[in-house]
K.L.:
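What follows is a single structure, and I will ask about it in a moment.
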Amino acid sequence: MAIERRAFLIGTSAAAFAQSGSTVATAMIGTGNRGTHVLRGVLEQPNAKVLAVCDIKPDRLDNAASVAAKDNPKTYRDWKQVIDRKDIEAVFIATPPHLHAEMAVAALQAGKHVYCEKPIGVTAAQVRNVVKAAKNTKRVFTAGQQLRSHLQMGEAVSKIRGGLIGNLLMVKAQRHANGDLPHDGSSGDWYFDVTKSGGYLIEQSVHNLDVCNWVIGAHPTKACGFGAINLYKNDPPGRTIFDCGSMTFEYPGGVQMSFTQNVFHPRGLQGGGQLVLVYGSKGAVDLMYAATLYPMERDGKPQVIAEKREEKTHAHTTAFYDAITKGGPNPADVTVGATAALTAILGHEAMTRQKVVTWTELGVEV
Ligand SMILES: NC(=O)c1ccc[n+]([C@@H]2O[C@H](COP(=O)([O-])OP(=O)(O)OC[C@H]3O[C@@H](n4cnc5c(N)ncnc54)[C@H](O)[C@@H]3O)[C@@H](O)[C@H]2O)c1
């Protein structure tokens with residue numbers, strides 16, 4: 001497709017795009033662990049073509065170029081050169097978290113569709129900038145909160161939101177891992193620095209916190225909590241992120257959400273470390289992957305409220321392209337991405353400041 005034609009298509013409706021049978025010219029910025037995984041998903045899409053891959057590490061860049069060899073992408077070390085390309089229509093951002101906002105804002109302002117890995121920002125100011133840029137454009141912005149594309153969980157969430165367990169009263173959620181991320185692994189050069197990753201809550205638990213917001217149908221109004229480094233003291237050297245923490249979030253209507261995180265949860269304990277239990281006036285649901293309802297009555301039998309489906313590995317990426325080319329639903333738009341990141345930032349602020357922090361104090365309208 002000629003550049004002029006592509007430029008024309010960007011300005012037309014998704015329906016017209018669908019009829020044209022065109023592909024979306026795509027660039028990948030950050031081709032490490034996650035970026036390469038997502039790249040494989042992009043290459044599976046019938047309506048995508050990878051024209052550019054970008055990373056500051058030569059080995060990652062070479063690897064991405066060979067993974068995407070069928071599309072013969074150009075390689076870049078400087079992400080700004082990628083954004084400057086007028087023929088690029090969609091940009092994936094999978095760099096370390098503290099870089100997301102600047103890159104996403106620049107891409108949106110240059111008229112690109114953006115798929116930005118979670119968290120979309122590690123500070124409230126960064127999130128605010130992304131929200132503003134995304135709301136100022138008609139381009140698609142999708143946050144990498146891919147649990148929003150999980151079909152079984154989505155069905156269970158809509159049943160709970162539809163009143164299946166009565167009034168929501170409380171959620172107990174956790175993200176416990178059976179180890180730290182490898183200290184010398186691919187993310188070791190940024191993950192343990194709180195200014196770059198935001199810490200375990202903002203970088204990882206943002207997925208679980210997003211599920212809590214999704215099922216409650218709101219964002220928290222305030223949070224309090226504590227965090228600590230209890231096992232990995234100064235390990236790796238200079239570590240500034242907690243290895244455990246415990247928080248309480250309050251939601252509208254007084255709904256309580258209790259959240260814990262740690263990196264020393266042995267395999268197999270309690271069925272693994274991730275949990276979202278949703279309590280309502282008529283019963284409780286084990287939401288994370290199980291979708292099982294436990295009725296309140298003494299002799300009530302547990303029942304599965306959403307059957308297991310074939311969950312496609314790259315469903316979220318497919319949804320992003322469908323939103324661009326067919327006007328399909330965007331499962332994690334900027335409001336979802338910002339709300340998830342801000343919930344994590346709220347919890348992190350509460351733990352580090354050791355005081356109650358309100359949503360309003362974050363100063364971002366989502
Ligand atoms: N959605 C998910 O389930 C999921 C899973 C894992 C990671 N992630 C997210 O993906 C992001 C990347 O994580 P990862 O595990 O792939 O880390 P990683 O360290 O393996 O990859 C990050 C890559 O970005 C590159 N990079 C750094 N600065 C850059 C720059 N200025 N320009 C271009 N490239 C640059 C690095 O060289 C590296 O290759 C993080 O935000 C992480 O939270 C999401």
Side-chain angles (χ1 to χ4, degrees), residues 27-42 52-65 67 73-84 91-107 114-123 126-127 130 142-150 153 175 177 180-211 236 241 274 288-289 311-317 319-320 331-332 336-337 340-341 344-345 348:
M28 313 294 298
I29 301 178
T31 56
N33 173 31
R34 184 68 183 174
T36 307
H37 171 79
V38 176
L39 169 60
R40 291 183 204 280
V42 172
V53 289
C54 169
D55 203 291
I56 50 170
K57 292 185 178 163
D59 56 331
R60 307 278 171 86
L61 193 52
D62 287 352
N63 180 54
V67 167
K74 195 164 177 229
T75 57
Y76 293 86
R77 304 283 285 273
D78 179 358
W79 64 273
K80 291 191 173 155
Q81 289 180 358
V82 175
I83 307 277
D84 281 346
V91 174
F92 281 72
I93 299 167
T95 50
H98 66 302
L99 302 174
H100 292 174
E102 185 191 2
M103 293 173 171
V105 168
V114 173
Y115 181 115
C116 181
E117 264 310 336
K118 44 50 60 169
I120 69 166
V122 297
T123 63
Q126 289 179 2
V127 175
V130 179
T142 299
Q145 305 281 164
Q146 76 272 9
L147 288 176
R148 293 278 178 153
S149 290
H150 195 275
M153 204 181 293
R175 187 180 185 99
D180 229 359
L181 285 194
H183 292 182
D184 54 358
S186 77
S187 317
D189 55 357
W190 57 266
Y191 179 68
F192 300 99
D193 178 345
V194 75
T195 64
K196 294 183 174 165
S197 67
Y200 185 48
L201 191 76
I202 294 175
E203 203 273 340
Q204 306 221 358
S205 303
V206 68
H207 283 303
N208 312 68
L209 295 170
D210 181 43
V211 172
I241 69 167
Q274 297 201 39
M288 202 81 191
Y289 308 117
E311 304 285 350
K312 296 218 159 66
T313 311
H314 298 294
H316 207 56
T317 299
F320 173 63
V336 168
I345 290 166
H348 179 77

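Remember, it's 1-based here, ligands and their atoms both numbered in the order they're listed.
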K.L.:
Quick one: does any side-chain atom of H100 pair with a main-chain N or O of P119 as donor and acceptor, under 3.5 Å?
P.N.:
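The answer is yes, because a donor-acceptor pair under 3.5 Å joins these two groups.
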K.L.:
Can a donor-acceptor pair be found, under 3.5 Å and without considering hydrogens, that links the side chain of K118 to the backbone of E203?
P.N.:
yes
K.L.:
Closer than 4.0 Å to some heavy atom of M103 - which atoms of ligand 1 meet that?
P.N.:
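Those qualifying, in numeric order: 30 (C), 31 (N), 32 (N).
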K.L.:
Give the atoms of ligand 1, by number and element, whose distance to some non-hydrogen atom of S186 is under 4.0 Å.
P.N.:
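Under 4.0 Å from S186, ligand 1 has these atoms: 19 (O), 20 (O).
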K.L.:
Which atoms of ligand 1 have any heavy atom of G32 under 4.0 Å away?
P.N.:
16 (O), 20 (O), 21 (O), 23 (C), 39 (O)
K.L.:
Say whether N33, considering both its backbone and side-chain N or O atoms, lies within less than 3.5 Å of an N or O atom on ligand 1.
P.N.:
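Yes, since at least one N or O of N33 sits under 3.5 Å from an N or O of ligand 1.
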K.L.:
Between R77 and ligand 1, is there a nitrogen or oxygen pair with a distance under 3.5 Å?
P.N.:
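It does not: no N or O of R77 is found under 3.5 Å from an N or O of ligand 1.
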K.L.:
If you look at every heavy atom in G121 and I345, which pair is closest and at what distance?
P.N.:
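Shortest heavy-atom contact: O-CD1, 3.9 Å.
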K.L.:
Is any N or O atom of D55, backbone or side chain, closer than 3.5 Å to an N or O atom of ligand 1?
P.N.:
yes
K.L.:
Is D55 reaching over with its side chain to a backbone N or O of T31, donor-acceptor style, under 3.5 angstrom?
P.N.:
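Confirmed, D55 side chain pairs with T31 backbone.
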K.L.:
Parallel, tilted or perpendicular: which one describes the rings of Y115 and F320, with boundaries at 30° and 60°?
P.N.:
perpendicular
K.L.:
Which of these, V206, L181, D78, T95, has its nearest heavy atom closest to atom 11 (C) of ligand 1?
P.N.:
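It is T95 that holds the nearest heavy atom.
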K.L.:
So, do Q145 and P331 sit near enough that their side-chain heavy atoms are less than 4.5 Å apart?
P.N.:
no
K.L.:
Can you confirm whether S197 sits close enough to I241 that some side-chain heavy atom of one is under 4.5 Å from a side-chain heavy atom of the other?
P.N.:
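Answer yes - side chains close enough.
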K.L.:
To the nearest 0.5 angstrom, please state how far the CE atom of M103 sits from the SG atom of C116.
P.N.:
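M103 atom CE to C116 atom SG measures 9.5 Å (nearest 0.5 Å).
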K.L.:
Do H150 and H316 have ring centroids that are under 6.0 Å from one another?
P.N.:
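H316 vs H150: aromatic centres not under 6.0 Å.
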K.L.:
Note the single closest protein heavy atom to atom 3 (O) of ligand 1, along with its residue, its atom name and the distance in Å.
P.N.:
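So the nearest neighbour among protein heavy atoms is Q146 NE2, 2.8 Å.
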K.L.:
Where does K118 meet ligand 1, judged by heavy-atom distances below 4.0 Å: at the side chain, the backbone, both, or neither?
P.N.:
both
K.L.:
Looking only at protein heavy atoms, which one is nearest to atom 44 (C) of ligand 1, and how far off is it?
P.N.:
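Result: E117 OE1, 3.2 Å.
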K.L.:
With backbone taken as N, CA, C and O and side chain as the heavy atoms from C-beta onward, which portion of R34 lies under 4.0 Å from ligand 1: side chain, backbone, both, or neither?
P.N.:
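For R34, backbone and side-chain atoms both sit under 4.0 Å from ligand 1.
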K.L.:
Would you say Y200's side chain and R175's backbone share a donor-acceptor pair under 3.5 angstrom?
P.N.:
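Side chain of Y200 to backbone of R175: a pair is present.
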K.L.:
Would you mind listing which atoms of ligand 1 come within a distance below 4.0 Å of any non-hydrogen atom of G144?
P.N.:
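What qualifies from ligand 1 is 1 (N).
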K.L.:
Below 4.0 angstrom from a heavy atom of I56, which ligand 1 atoms are there? Numbered from 1 as shown, please.
P.N.:
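Every atom of ligand 1 under 4.0 Å from some heavy atom of I56: 26 (N), 27 (C), 28 (N), 29 (C), 30 (C), 32 (N), 33 (C), 34 (N), 35 (C), 37 (O).
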K.L.:
Is any side-chain heavy atom of I29 less than 4.5 Å from a side-chain heavy atom of I83?
P.N.:
yes
K.L.:
Of the protein's non-hydrogen atoms, which lies at the shortest distance from atom 38 (C) of ligand 1, and what is that distance?
P.N.:
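Ranking protein heavy atoms by distance from atom 38 (C) of ligand 1, first comes R60 NH1, 3.2 Å.
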K.L.:
Consider ligand 1: state whether an atom of it lies below 4.0 angstrom from any non-hydrogen atom of H100.
P.N.:
yes
K.L.:
Considering both backbone and side-chain atoms of H207, is one of its nitrogen or oxygen atoms within less than 3.5 Å of a nitrogen or oxygen in ligand 1?
P.N.:
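Min N/O separation from ligand 1 is below 3.5 Å for H207.
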K.L.:
Which residue holds the protein heavy atom closest to atom 12 (C) of ligand 1, what is that atom called, and what is the gap in Å?
P.N.:
A94 O, 3.3 Å
K.L.:
In the protein, which heavy atom is nearest to atom 42 (C) of ligand 1, and how far is it?
P.N.:
E203 OE2, 3.1 Å
K.L.:
With a cutoff of 4.0 Å, is W190 in contact with ligand 1, counting heavy atoms of the residue only?
P.N.:
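Per 4.0 Å heavy-atom rule, W190 contacts ligand 1.
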K.L.:
Starting from atom 27 (C) of ligand 1, find the nearest protein heavy-atom neighbour and note its residue, name and distance.
P.N.:
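Sorting protein heavy atoms by distance from atom 27 (C) of ligand 1 puts P96 CD, 3.4 Å first.
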K.L.:
Judged by atom type as modelled, is there a donor-acceptor pair below 3.5 Å linking the side chain of S205 to the main-chain atoms of N208?
P.N.:
no
